[in-house]
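Working notes, structure below.
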Number of protein chains: 2
Amino acid sequence: MTAGPLVLLVEDEVPLRRFLRTTLGAHGFRLVEASSVAEAELALGAQSPELILLDLGLPDGDGVDLTRRIREWSAVPILVLSARGREDHKVEALDAGADDYLTKPFGVEELLARLRVALRHASASRAPDAAVLELDGLRIDVARRRVTLRGAEVHLTPIEYRLLTTLAKHLGRVVTQQQLLTEVWGHAHAHHTHYLRVYMAALRRKIEDDPARPKLLRTEQGVGYRLRDPREG
Amino acid sequence: MTAGPLVLLVEDEVPLRRFLRTTLGAHGFRLVEASSVAEAELALGAQSPELILLDLGLPDGDGVDLTRRIREWSAVPILVLSARGREDHKVEALDAGADDYLTKPFGVEELLARLRVALRHASASRAPDAAVLELDGLRIDVARRRVTLRGAEVHLTPIEYRLLTTLAKHLGRVVTQQQLLTEVWGHAHAHHTHYLRVYMAALRRKIEDDPARPKLLRTEQGVGYRLRDPREG
DNA sequence: CCCGCGCGTCAAGAATGCGTAAAGCGCCCC
DNA sequence: GGGGCGCTTTACGCATTCTTGACGCGCGGG
């Protein structure tokens, strides 16, 4: 008996949780349970599940927001369960970073199959995203959402932070404007290239010694931007 | 103007295909269409789509089998569309290697959102391809979009870069002027052969020791150009 | 021998893209 | 309800890049 994947189940309705517990358990999954957003975040801090089964409509907060927050630092598969079948809800959750969306009531076999798909993806794309990145004097601590420059904390707005971490994720490589826009602002803003200029300027003011002659945040004219890896040229 | 992802649409019903064509087209996707399993396999041989939209219930074969065959050699995301909502069908398709399963009728926005999820997965799991080409002192790092000459970075404009990489793609072989023009400038400029001379000159100035006597960027009179492979003639 | 053609070179103007400042607006917290 | 903060939007100047036209050279055919 090998221990199956660890699943975080976030669900407030007791009967459904009970049901899923036995069903998933019977199929070899190990379970951590949470019945609210707060508990879920706690559990995420303590364990690192290989998959999250997330019910929307929790008592203490929005599951979509939780999804977004998780996506800032983790790529763990998130399967959303919801009583709401409305299309815009689905789109919102999926765009927030969820990997699948099941409308209640759903069949157990389908749930299991979609779970397998999600785990397949996860094992295929296991990318070692470093929790802390240090270049020159700049330090990006993704786990703590902290950026420091030669020890001093740099305050970044949410967008600035996401812009920086998106670039960091592709350290040394060019990230196209489209990519940045969709990853930071969402696909709906993929053509607002001006945002990039405004926020790049802001970021450079905060982390570059000479914002007019950037060492880290390099422009690739007509293509995108790149966070330069100081280890190479 | 960036060209969107290439999608292979496998669907035999003409009205639905028509509808998806316009819808996806309007959202920036490029489309290849097939109306049967045979056509789909043909198209897969000719092109390499970034995503497959596959209707089950094709006239000449089983879509699930097709999925399995594709999975033997490719990880391209497959979204299944089906009129059949039965759970065992879904499980079968998903376990065969499909990444998602939508039951008709489905909403366009949901389809687009799930498409985005699939593409997100694909780009996340794309292996860091070490596509580096080195000839003499010239180094072309496609992943980083960087060109260096004996260690020193060479700055290329977007067109120069595309011209060089297009030639590199056919290393050692002649690339006709038509081919270069359509691949770099697009179909509409296939007759502006003068562009080639201007940009070849610029490229040679940047990467040749003696631009007047080019070692790498050879002219093939009346035909096109060739990036010489120093390992051979 | 001269002309036409293809290629290479140069340079100027047009078009595009980028950086910067600053103002308006909504939101939340005090 | 006022102030601070962050996001969006507008305006403008500057830099880079693209396009276009002019010209010279060499070669081969008429």
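Summary for the helix from C:dC1-D:dG30 to C:dC30-D:dG1: the axes at its two ends, each from 5 pairs, differ by 20° when rounded to the nearest 10 degrees.
Evaluation of the side chain to side chain donor-acceptor pair (under 3.5 Å) rule for A:His189 yields no partner, not counting sequence neighbours. Every side chain to side chain contact (heavy atoms under 4.5 Å, CB included) that A:Ser82 has, sequence neighbours left out, goes to A:Leu56, A:Val80, A:Arg84, A:Tyr101. Evaluation of the salt bridge (charged side-chain N to carboxylate O under 4.0 Å, His left out) rule for A:Arg162 yields no partner, not counting sequence neighbours. Scored by the ring pair (Phe, Tyr, Trp, His ring centres under 6.0 Å) test, A:Tyr195 finds A:Trp185, A:His192 as partners (sequence neighbours excluded). Residues satisfying the side chain to side chain contact (heavy atoms under 4.5 Å, CB included) test with A:Glu134, not counting sequence neighbours, are A:Arg139. Legend: residues meeting salt bridge (charged side-chain N to carboxylate O under 4.0 Å, His left out) with A:Glu160, ordered by chain and number and at least two apart, are A:Lys206.
The side-chain tip of B:Arg145 points at the ring of B:Tyr161 from less than 6.0 angstrom away and within 45° of straight on.
Pairs passing the salt bridge (Lys or Arg N to Asp or Glu O under 4.0 Å) check and including a residue from residues 173-192 of chain B, sequence neighbours excluded, read B:Lys169-B:Glu183. For the ring pair (Phe, Tyr, Trp, His ring centres under 6.0 Å) condition, no pair includes a residue of residues 202-221 of chain A, sequence neighbours left out.
Listed by residue number, B:Trp185 are the residues of residues 173-193 of chain B with a heavy-atom contact under 4.0 Å to DNA chain D. Contacts between residues 198-206 of chain A and DNA chain D, defined by a heavy-atom separation under 4.0 Å, are made by A:Val198, A:Tyr199.
Using a 4.0 Å heavy-atom cutoff across all strands shown, B:Gln221 reaches sugar-phosphate atoms only and no base atom. Within the 4.0 angstrom heavy-atom criterion, no nucleotide atom of any strand lies near A:Leu196. At the heavy-atom level, B:Tyr161 lies nowhere under 4.0 Å from the strands shown.
Nucleotides of DNA chain D with any atom under 4.0 Å from a heavy atom of chain B span, from 5' to 3', D:dT17 to D:dA22.
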